[in-house]
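Scroll down for the structure; my scribbles are underneath it.
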Amino acid sequence: MNTPALTELLFKMADDQLILGHRNSEWTGFGPLLEEDIAFSSMAQDKVGHSQALYELLHNLGQPAPDEVAFLRPAGQFHNCIFVELPNGEYDFSLIRHFLYDTAELIRFDLLRKSSYEPLAQLAHKIHGELRYHTLHANTWIKQLGTATEESISRLQHSLAFALPYALGIFERSPWEKELAADGIFEGEEVLQERWRTNVEEVISQTDLTLPAWNTIAPVLGGRQGKHSEHLSPLLDEMGEVFRIDPTASW
Amino acid sequence: MKPTPATSRDVYTWLEAVKDPEIPVLSLVDLGVITDVVVENTTVDIEMTPTFVGCPALDIMKQEITETLLQRGMTEVRIVVNFRDPWSSDKISEKGRRALKEFGLAPPLPAKVFTDLEVLEHVSCPRCEGTNTTLKNVFGPTLCRSIHYCFDCQESFEQFKPL
């Protein structure tokens with residue numbers, strides 16, 4: 001097993017889940033309606049749980065304990081894509097991000113169900129089942145609001161245009177693509193991106209929204225290498241604030 | 001007289017007393033989260049798996065399992081959480097499904113029929129058993145529940161989600 005390649009893969013997935021989970025949790029108490037408040041809070045709980053399980057796999061590969069990697073690393077050591085660290089903005093942006101990101105995650109964990117690294121394959125099987133509820137939720141609202149009123153459609157269209165370059169950053173290539181594929185750990189970002197495009201097109205085609213030509217979108221990269229926007233550090237400061245008061249405290 | 005050594009069957013029986021902290025009518029055994037029990041003398045090795053990966057009740061469950069078994073005379077309880085035999089709502093026993101319904105929670109449909117939202121649209125109401133119901137939210141007050149509305153009872157109800 002190629003441990004450096006596997007470690008890189010697990011870190012970027014775990015960091016994505018943690019950071020987006022945290023952003024989702026920021027909707028708690030602020031949702032546009034109670035049911036959406038509950039939905040984003042539930043998805044936050046799922047995603048933070050997924051990150052913990054992935055950090056646990058990393059811990060078994062020799063990395064520090066989950067709480068330490070989650071709460072004590074500086075921004076430059078996080079490997080999440082920039083997309084997930086962007087502030088929630090208005091609900092239309094959060095919804096578009098939820099749709100674009102979770103569509104990719106459902107496919108990623110579907111691919112990983114066949115991973116040659118058995119602990120990851122088992123976890124992916126489980127997470128995939130849970131993520132189906134996330135994409136069901138996203139697709140339902142995209143279809144509903146994407147065909148509703150002039151305001152809902154134009155808001156979503158505007159957010160979609162803003163979000164797409166960042167969404168392509170999800171698929172920033174790893175330095176280990178070849179090794180991961182050769183060892184059967186993960187088929188790779190390219191395969192994932194292909195399938196993602198098809199699924200995104202399929203849902204958007206059922207709405208009044210339009211997608212630009214894919215080759216006109218310049219991906220926002222860097223997150224996977226620890227190069228982040230100015231939004232990540234304040235998020236980490238807030239997220240780890242309590243833990244850092246006393247890292248040895250028993251909870 | 002020496003007491004008869006405990007068997008894994010005894011442990012399963014004792015664990016009937018440990019309930020899901022979020023659904024207090026359902027034992028962990030009926031919930032299906034205990035995936036293996038091995039007893040050697042007074043040492044018990046338990047393998048369990050969470051309903052949802054982020055289930056916050058897991059630590060409480062582990063603690064209550066340990067306390068219950070220590071009270072039964074076991075001296076060491078080791079619990080491993082893994083996804084070797086992942087939880088699915090199909091693991092809930094018949095007894096567990098009846099308990100859920102009496103509690104007012106619609107039992108989950110078989111996981112294999114849950115392919116899209118349509119399946120969740122007309123979940124049978126735990127009060128009147130009618131299917132004149134609608135899905136209000138795939139997310140509910142806990143990770144494992146969805147929220148529905150019954151047009152006949154004119155009341156909302158929750159379902160234990162198929163997974």
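Order of the sequence lines fixes the chain letters, A, B, ..., with proteins taken first and strands second; residue numbering starts at 1 for each chain.
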Legend entry - Value rounded to 0.5 Å, distance of NZ in Lys126(A) from CG in Leu163(B): 4.5 Å
Inset, instruction - May I ask you to list the residues in residues 81-97 of chain B that approach chain A closer than 4.5 angstrom, counting heavy atoms only, ordered by number? - result: Phe83(B), Arg84(B), Pro86(B), Trp87(B)
Legend entry - Gap between atom CG of Leu135(B) and atom CG of Leu136(A) - 0.5 Å precision: 9.0 Å
Legend entry - Residues of residues 14-23 of chain B near chain A, each having a heavy atom less than 4.5 Å away: none
Legend entry - Contacts of residues 48-64 of chain B with chain A (heavy atom under 4.5 Å): Pro50(B), Thr51(B), Phe52(B), Val53(B), Gly54(B), Pro56(B)
Legend entry - Glu40(B) atom CD: more than 12 heavy-atom contacts under 6.0 Å: no
Inset, instruction - Assess whether atom NZ of Lys143(A) is packed by more than 12 heavy atoms of other residues, nucleotides or ligands within 6.0 Å. - result: yes
Inset, instruction - Decide if atom NE2 of His128(A) counts as having more than 12 heavy atoms of other residues, nucleotides or ligands within a radius under 6.0 Å. - result: yes
Inset, instruction - Mind ranking Ile147(B), Leu143(B), Asn137(B) by heavy-atom pairs under 4.5 Å with chain A and telling me who comes out on top? - result: Leu143(B)
Legend entry - Over all atoms of both residues, closest heavy-atom pair of Phe139(B) and Tyr133(A): CZ-O, 3.8 Å
Inset, instruction - Anything in residues 22-53 of chain A with a heavy-atom distance to chain B below 4.5 Å? Please list those residues in order. - result: Glu35(A), Ile38(A), Ala39(A), Ser42(A), Met43(A), Gln45(A), Asp46(A), Gly49(A), His50(A), Ala53(A)
